[in-house]
Amino acid sequence: MSGHTQSQPVPPPSRFRVSGLAGPLLWAVGLAIPAVFDSSWVAIAAVFAIYAINALSEDVILGRGGMFDMGHAVYFGIGAYVTAILNTSFGWPIFATLPAAILLAAAAGALLAGPLMRLRGDYLLVATIGFNAIFVLTMQNDPGDITGGSDGITGIGVPSLFGLSLASQSAMFWLDWVVLGVVLLLMRNLDRCELGRAQRYLKQDELAAATLGVDARKVKTQTFALGAGLAGLAGTLFAVQLSTVSPASFVFTESVTLFAVVIVGGPGSVPGVLLGTALMFVVPQIFRDFAQYRYFVFGIAMIAVMVLRPQGLWPQRRRRA
């Protein structure tokens, strides 16, 4: 061996850090929205929290796991439909449907991970796109007369906590933002746990990770399950927020949007994903007269970011211990 010290093929865990407390601080600032803005902006902030959770769930697979997923709206839809069906058809309370929504979405992610792990690049993208199309068509065909077909399911109930109804918009805001805070805490801890370190190793160099004893199949399956489960959680909040779900809310366009949010904001960066979510879902509300052009503008922005700043607007930072 040469006398020179060779660099490790995979940086040690201590060199990887999400951008400090930026994510939690942005979340804390958002808590002041009801005291500063009117009810319309409180409603927008509640929806932002839901989409932020969904974008963070996409980031688990794409940004941290390094696996392309262009069908992520499926897991979001599974969570929403599970809650809607259990609540309207079987009378389950909203919070009682939440574990089922998360677990079924996570199970779908884990099952899909198996065949997808054999695919790479364009083939992986096409497979996830096909999965998204299959889900939408299945919901439209109304199997078992429980999905409502193209019209979807309406009349989803209002959640209650300790006998207190959360029917008001301000109550929904606090529910959504508290859940977002819990997810942000989970994401912060993910960077420090064994799964988070294994994800980084695999993303950097899968062969080198295998020499360190990382089980690629197990880690990828867990990554898909975790990301899908968080999307199922967001789906439940989405169904409750709108009191209705339909296949149109989970089409391929929604998956592309989530993919773009992570790429533009910064893969693996919590504040970057929050920034990307704000650019996609909040900024159009400021320019409502031009909201129909948001996909066109966001597409141009995505191309510009990929060319000029491929690491994203707020990239994941690497620091020495």
Side-chain angles (χ1 to χ4, degrees), residues 21 23-57 60 75-108 146 148 152-190 225-246 249 270 274 277 281-282:
L21 295 174
L25 286 176
L26 291 173
W27 173 81
V29 170
L31 294 178
I33 290 176
V36 178
F37 297 97
D38 59 24
S39 58
S40 63
W41 279 103
V42 172
I44 292 171
V47 175
F48 164 82
I50 296 172
Y51 278 104
I53 295 170
N54 202 17
L56 288 169
S57 71
V60 170
Y75 313 123
F76 187 48
I78 289 175
Y81 268 99
V82 168
T83 290
I85 292 171
L86 291 180
N87 178 254
T88 59
S89 298
F90 299 96
W92 286 33
I94 294 297
F95 284 115
T97 70
L98 186 56
I102 294 174
L103 290 174
L104 287 176
I146 59 174
I153 301 173
T154 59
I156 300 172
V158 176
S160 60
L161 188 63
F162 304 117
L164 178 64
S165 174
L166 304 180
S168 68
Q169 190 57 65
S170 60
M172 288 303 303
F173 167 85
W174 287 110
L175 173 63
D176 295 338
W177 275 79
V178 167
V179 175
L180 174 59
V182 173
V183 172
L184 289 174
L185 181 62
L186 173 65
M187 299 295 287
R188 184 170 176 80
N189 289 331
L190 178 61
L226 177 59
L230 289 176
L233 167 63
T236 291
L237 297 176
F238 178 80
V240 173
Q241 180 73 30
L242 298 185
S243 298
T244 181
V245 294
S246 68
S249 298
V270 168
L274 296 180
T277 305
F281 297 104
V282 178

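For the pair Phe173 and Gly30, the tightest heavy-atom approach, listed with the atom from each and the gap, is CZ-O, 3.4 Å. The shortest heavy-atom contact between Ser57 and Gly227 is CB-O, 3.1 Å. Residues Ala106 and Ala225 approach most closely at CB-O, 3.4 Å, considering heavy atoms. Among all heavy-atom pairs drawn from Val42 and Pro34, the shortest one is CG2-CA, 3.8 Å. A pairwise comparison of heavy atoms in Ala239 and Ala80 identifies CB-O, 3.8 Å as the closest pair.
Put simply, CG on Asn54 and OG1 on Thr277 are 9.0 Å apart, with the number rounded to the nearest 0.5 Å. Going from atom CG of Leu184 over to atom CG of Leu274 covers 6.0 Å, rounded to the nearest 0.5 Å. Note that CD1 of Ile33 and CH2 of Trp177 are 5.0 Å apart. Values are rounded to the nearest 0.5 Å.
Take Ile102 and apply the side chain to side chain contact (heavy atoms under 4.5 Å, CB included) test, not counting sequence neighbours, and it matches Leu98, Leu233. Residues satisfying the side-chain hydrogen bond (donor to acceptor under 3.5 Å, both in side chains) test with Ser168, not counting sequence neighbours, are Ser170. Scanning for side chain to side chain contact (heavy atoms under 4.5 Å, CB included) contacts around Leu104 gives Ile78, Val82, with sequence neighbours left out. Partners of Asn189 by side-chain hydrogen bond (donor to acceptor under 3.5 Å, both in side chains), not counting sequence neighbours: none found. Residues forming a side chain to side chain contact (heavy atoms under 4.5 Å, CB included) with Ile146 (at least two apart in sequence, or on another chain): Ile85. With sequence neighbours excluded, the residues forming a side chain to side chain contact (heavy atoms under 4.5 Å, CB included) with Asp176 are Ala46, Ala49, Ile50, Met172, Leu237, Gln241, listed by chain and number.
Residue pairs meeting the side chain to side chain donor-acceptor pair (under 3.5 Å) criterion with at least one partner in residues 226-235, sequence neighbours excluded, do not occur; the list is empty. Pairs engaging residues 156-165 under the side chain to side chain donor-acceptor pair (under 3.5 Å) rule: none recorded [sequence neighbours left out]. Each side chain to side chain donor-acceptor pair (under 3.5 Å) pair with one or both residues in residues 29-46, not counting sequence neighbours, appears once here: Asp38-Ser40. For residues 88-106, every residue pair satisfying the side chain to side chain donor-acceptor pair (under 3.5 Å) rule, not counting sequence neighbours, is listed here: Thr83-Thr97.
Ring orientation note: the planes of Tyr51 and Phe238 are nearly perpendicular, at an angle over 60° on the 30°/60° scale.
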Which pairs would a plain distance check flag for residues 152-159, meaning a side-chain donor or acceptor within less than 3.5 Å of a matching protein atom at least two apart in sequence or in another chain?
none

Mind running side chain to side chain contact (heavy atoms under 4.5 Å, CB included) on Leu161 and Phe95 for me, showing each step along the way?
CA-CA 8 Å; Leu161 188 63; Phe95 284 115; 4.3 Å; yes
